[in-house]
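Input: a single structure, listed below in structure tokens.
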Amino acid sequence: MIAFVSGPIAALNPDGAVVEVGGVGIAVQCAPATLAALRVGQPARIATSLVVREDSLTLYGFADDDERQTFELLQTASGVGPRLAQAMLAVHSPDALRQAVAAADEKALTAVPGIGKKGAQKLLIELKDRLGAPVGTGARPPAAGAAPGWRDQLHTALIGLGYATREADAAVEAVTPQAEAAEGVPPVGQLLKAALQTLNRAR
């Protein structure tokens, strides 16, 4: 079990990061919100979970240990594999998921791509006694030391992924209506996905 990796970020891509650990580049698959906090060349500590398959070894990365533990607990439900578990955490924080399950909130679960009404009902039953009680507000805590606005976070993440400043500026403007339509703090992870889609269409 690899609980975390720590070292400078060697590379970033839309699906993950490469962390240099002892001279070896470790590929870690991360959700957009986790990637948005990483910078090439900067040190980072990423909580990880190793998923072993017959033909592959995949290391999934998370912002903290709570996300990693929730990722592993989600997979104890039937029909939930690592990709769906990661998608659930890309849309909701661990505590938001605990709140959704505690409140039997189908709508919250169906907001995750790949989960329909019946699937949400089944998950609410299976996860009720597994995730535990919510412990906070469900909002993702800001990064230590500063809390830049969504525009800055998104712009920095796009630059970190190798896009030019002009491309990053255009992508931020393209997703501004989506961000302004969001309730509360715009979800940077979802905005990064949308921005990458606009950039791919433009190329």
Side-chain angles (χ1 to χ4, degrees), residues 1-5 12-19 26-38 44-141 157 182-194 196-197:
M1 174 64 181
I2 302 174
F4 70 90
V5 294
L12 291 170
N13 59 65
D15 297 318
V18 177
V19 185
I26 306 294
V28 184
Q29 287 200 7
C30 304
T34 303
L35 290 174
L38 304 177
R45 180 188 185 278
I46 303 175
T48 58
S49 179
L50 180 64
V51 175
V52 180
R53 295 287 185 263
E54 288 185 6
D55 59 348
S56 67
L57 295 173
T58 306
L59 201 59
Y60 289 85
F62 308 93
D64 54 37
D65 292 335
D66 189 22
E67 278 197 6
R68 174 179 57 78
Q69 291 165 3
T70 303
F71 171 79
E72 293 170 350
L73 285 171
L74 289 172
Q75 291 177 77
T76 63
S78 59
V80 179
R83 289 189 179 279
L84 182 56
Q86 189 178 53
M88 293 171 75
L89 286 166
V91 175
H92 299 295
S93 69
D95 213 47
L97 284 172
R98 287 190 282 264
Q99 287 183 350
V101 171
D105 187 352
E106 289 181 21
K107 188 175 180 180
L109 293 188
T110 55
V112 179
I115 298 181
K117 183 178 176 66
K118 289 185 178 180
Q121 293 171 342
K122 186 176 180 183
L123 285 172
L124 288 172
I125 294 171
E126 291 197 32
L127 294 172
K128 185 174 183 180
D129 299 321
R130 302 183 192 185
L131 290 186
V135 295
T137 63
R140 293 184 185 274
E183 295 182 6
V185 179
V188 176
Q190 293 181 38
L191 293 176
L192 179 57
K193 281 184 179 179
L196 290 171
Q197 289 174 351

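All of these numbers come straight from a predicted model, not from anything done at the bench.
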Under the side chain to side chain contact (heavy atoms under 4.5 Å, CB included) criterion, do L38 and I46 qualify, and how do the steps go? CA-CA 10 Å; L38 304 177; I46 303 175; 3.9 Å; yes
Which pair of heavy atoms, one from [X] and one from [Y], lies closest together, and at what distance?
X	Y	result
Y60	Q86	CD2-NE2, 3.6 Å
H92	A108	NE2-O, 2.7 Å
T110	K107	OG1-O, 3.1 Å
L74	A85	CD1-O, 3.8 Å
A120	I115	N-CG2, 3.7 Å

If you round to the nearest 0.5 Å, how far is [atom2] of [Y] from [atom1] of [X]?
X	Y	atom1	atom2	result
L131	E126	CG	CD	11.0 Å
L35	D15	CG	CG	8.0 Å
Q69	S49	CD	OG	10.5 Å
Q75	L84	CD	CG	9.0 Å
E72	L50	CD	CG	10.0 Å

Full working for side chain to side chain contact (heavy atoms under 4.5 Å, CB included) between M88 and L109: CA-CA 8 Å; M88 293 171 75; L109 293 188; 4.2 Å; yes
Taking L89 as the fixed residue, which of T34, D66, V112, T70 is the one that meets the side chain to side chain contact (heavy atoms under 4.5 Å, CB included) rule?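 Checked T34, D66, V112, T70 against L89; only one passes side chain to side chain contact (heavy atoms under 4.5 Å, CB included): T70.
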Who are the side chain to side chain donor-acceptor pair (under 3.5 Å) partners of R83, not counting sequence neighbours?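 For R83 there are no side chain to side chain donor-acceptor pair (under 3.5 Å) partners, ignoring immediate neighbours.
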Charged tip of R68 within 45° of F62 ring normal and under 6.0 Å: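 The answer is no, since R68 fails at least one limit relative to F62.
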Side chain to side chain, L124 and E106, heavy atoms closer than 4.5 Å: yes
Close side-chain approach of F4 and V19, heavy atoms under 4.5 Å: no
So, does T48 use its side chain to make a donor-acceptor pair with the main chain of L59 at under 3.5 Å?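 Between the backbone of L59 and the side chain of T48 there is no qualifying donor-acceptor contact (under 3.5 Å).
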